[in-house]
Amino acid sequence: MDLDYTEPEEEFRRRLRAWLADVLPKLPDPPDPADWPGRRVYDCGWQRMLYDAGYAGLHWPEDAGGQGATPTQHLIFLEETERAGAPYVGANFVGLLHAGPTIAAEGDPGQRARWLPPILRGDEVWCQGFSEPEAGSDLASLRTRAARDGDSYVVTGSKIWTSHAEVADWCELLVRTAPVGDEAPKHRGISWLAMPMDAPGVTVRPLRTLAGTAEFAEVFLDEVRVPVANRIGAENDGWRVTMVTLSFERGTAFVGEVVACRRVLEALAREARANGRWDDPVLRRRLGRLAAEFAALWRLTQWNVSEAQRTGGVPGTGGSVFKLRYSQVRQELYDAAAEVLGAGALDAGHAWVADRLSSLSYTIAAGTSQIQHNIVAERILGLPKGR
C-alpha cells in the first residue's frame, strides 16, 4: 500500500494551510479550560467556521451532509489543523466523532436529515450515555430500562462518566428494552436512543476530575419519555449499533491527538535542550523511542482509515490495536514530560502537568486496555474466549 501523498493531496494541504493562516489570527482567546459553557460557545463557533469554509464533516459521505473527501484528505486536515494549533472539536467531540458517524452509518434518511446538519454546523452538542455505576467495562450489564408506551419509551436509570452532559442538547443513550433471560446473552435486549437532554425527568450532576475540570457528569433518568422514532437501528439491536459507535471511538476519534502528541514531543525536546536535560543520554533515547512509537501509530492510523473506507466507512478491529497502544504511549509521553520538567512537574498550572493527569484516564476511557486485549486476542488472533 502506498501511504505517500499525491500532488492533488498536497495541493489540498496548501489550500488548507492558507485558510488556517488567514482565519486563526482572527479567533478570540479561548475560555478557561474549566468553563464548559464558555467552551461550548467557542468550540461551536469554530465548528461553524469550518462548516462555512467547507471543512466540516470533511470525510463524511455526501448523503450524510459531509464533503465526501478521501481518507487521506481527512488525515491531512487533522495534520494541518493540529500543527497550526487550531481548536480541537472540544465540546462537539461526541457528536462529531461518535454519534454523528453512527447515525450516518445506521440511521434512516429522516434521522440523518434531523441530526447530522446541526452537528456539522455546531448548532447542537451531544453527550455519551453508555457507562453506568455497575456497567462500565462490562457495558452489556447496563440496567437503565426503557419500557415501550405507545410511540415513546419511558426511560428510568442512571449513567456515569457522561461526557459534556451539562452543555449537551442530545445524548447517545444505551438502554435495556428487553430483560436479560436465563439463556439469552446479556448483550441482547439493548437499544440505542437519541435522547433530548431537556426532556422532563433528566437530572445532570457534574463530576469534578483530578485535573479540576467537570467534563463528565452523572445523569439520572426518572421516567424520561423518548420517542420511538429516536431509536437508531432496530429495537434490541442496540449492541450491534453500539459496536459501530465504539469502532469510531477507538478507531478514528483519537487520530488528531496523535498529531498533537507528536507536537508535544517536539516541544519536550526543545525544552530539554534549553534546560540542560538533553545531556542525559537515557532521556534522549526515551524521547527517540517515543518519536518512533508515534510515527508507527500515525502509519497505523493511515492504514485503519484506508481500511475503513475500503470496507464501507466503519473502522474495524484494528482500532482496538491502535487504542491499546496509543493509551499507553500517551501516558509514557507525559511521564517523559515530568522528567524534562523536573521540579516543574509539580506545577499544576503547567499544561503538560494537566495533560499528564488527563493521560491517566486513557487506559480506561473508550474501553479499558484489558477489554482491548481481549478484542485483539479473540477477533484478530482467533484465540478462544475466556471463561
Side-chain angles (χ1 to χ4, degrees), residues 13 15-58 76-97 118-127 163-169 204 206-217 253-271 274 330 333-334 337 340-341 344-359 361:
R13 184 192 302 276
R15 291 197 307 270
L16 176 59
R17 281 184 178 177
W19 181 77
L20 290 169
D22 177 56
V23 301
L24 290 181
K26 303 173 184 176
L27 288 178
D29 292 335
D32 185 281
D35 177 13
W36 278 105
R39 289 184 65 178
R40 173 190 164 127
V41 173
Y42 183 84
D43 295 338
C44 290
W46 171 245
Q47 183 61 30
R48 183 63 194 225
M49 293 176 69
L50 291 173
Y51 180 84
D52 291 341
Y55 290 118
L58 192 68
I76 291 172
F77 171 81
L78 293 170
E79 282 184 316
E80 294 303 322
T81 51
E82 286 291 348
R83 286 172 177 168
Y88 188 53
V89 289
N92 294 308
F93 93 90
V94 173
L96 287 165
L97 305 181
I119 290 174
L120 292 178
R121 290 193 302 263
D123 293 342
E124 294 179 344
V125 169
W126 286 63
C127 62
S163 307
H164 307 318
E166 66 176 312
V167 296
D169 303 292
V204 175
L207 295 169
R208 192 160 300 279
T209 69
L210 182 65
T213 61
E215 63 263 35
F216 299 114
F254 291 118
V255 170
E257 296 189 34
V258 174
V259 183
C261 286
R262 296 176 79 175
R263 192 173 70 234
V264 169
L265 185 59
E266 294 172 358
L268 279 179
R270 291 193 298 270
E271 178 64 22
R330 183 183 175 94
L333 171 67
Y334 287 104
V340 170
L341 289 173
L346 300 176
D347 178 7
H350 196 293
W352 290 345
V353 177
D355 286 338
R356 188 186 186 201
L357 295 176
S358 174
S359 75
S361 69

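Numbers here are sequence positions counted from 1.
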To check you understand the geometry: which heavy-atom pair defines the closest contact between [X] and [Y], and what is its length?
X	Y	answer
Leu20	Pro25	O-CD, 4.0 Å
Leu24	Ala84	CD1-O, 3.5 Å
Phe216	Ser163	CE2-OG, 3.7 Å
Pro206	Ala217	CA-CB, 3.8 Å
Gln47	Leu120	NE2-O, 2.8 Å
Leu97	Tyr88	CD1-OH, 3.6 Å

(message) Applying the salt bridge (charged side-chain N to carboxylate O under 4.0 Å, His left out) criterion to Glu79, which one of Arg262, Arg13, Arg17 satisfies it?
(response)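 So the option named by the test is Arg13.
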
(message) Can you confirm whether or not the ring centre of Tyr55 sits under 6.0 Å from the ring centre of Trp19?
(response)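 Tyr55 vs Trp19: aromatic centres under 6.0 Å.
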
(message) Keeping Asp43 on the side-chain end and Ala91 on the backbone end, is there a donor-acceptor pair under 3.5 Å?
(response)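 Side chain of Asp43 to backbone of Ala91: a pair is present.
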
(request) May I ask you to decide if Leu16's main-chain N or O and Glu80's side chain share a donor-acceptor pair within less than 3.5 Å? (result)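 Here the side-chain-to-backbone pair does not exist.
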
(request) With Ile119 as reference, evaluate Val94, Leu96, Val125 under the side-chain contact (heavy atoms from CB on, under 4.5 Å) test and give the passing residue. (result)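 Of the listed residues Val94, Leu96, Val125, the side-chain contact (heavy atoms from CB on, under 4.5 Å) partner of Ile119 is Leu96.
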
(message) So, taking the atom named CG in Leu50 and the one named CG in Leu58, what distance separates them when rounded to the nearest 0.5 Å?
(response)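 One finds 9.5 Å between CG of Leu50 and CG of Leu58.
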
(message) Just verifying a value: how many Å separate His164 NE2 and Arg39 CZ, rounded to the nearest 0.5 Å?
(response)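 So the gap between those two atoms works out to 7.0 Å.
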
(request) Please step through side chain to side chain contact (heavy atoms under 4.5 Å, CB included) for the pair Met49 and Leu27, ending with a clear verdict. (result) CA-CA 10 Å; Met49 293 176 69; Leu27 288 178; 3.5 Å; yes

(request) Take Arg40 and Asp169 through the salt bridge (charged side-chain N to carboxylate O under 4.0 Å, His left out) test and state the conclusion after the steps. (result) CA-CA 11 Å; Arg40 173 190 164 127; Asp169 303 292; 2.9 Å; yes

(request) Measure the shortest side-chain to side-chain distance between Asn92 and Cys44 over non-hydrogen atoms and say whether it is less than 4.5 angstrom. (result)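 The answer is yes; the side chains approach within 4.5 Å.
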
(request) Flag the pair Val41 / Trp46 as yes when at least one side-chain heavy-atom distance between them is below 4.5 Å, and no otherwise. (result)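 A side-chain contact under 4.5 Å is absent here.
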
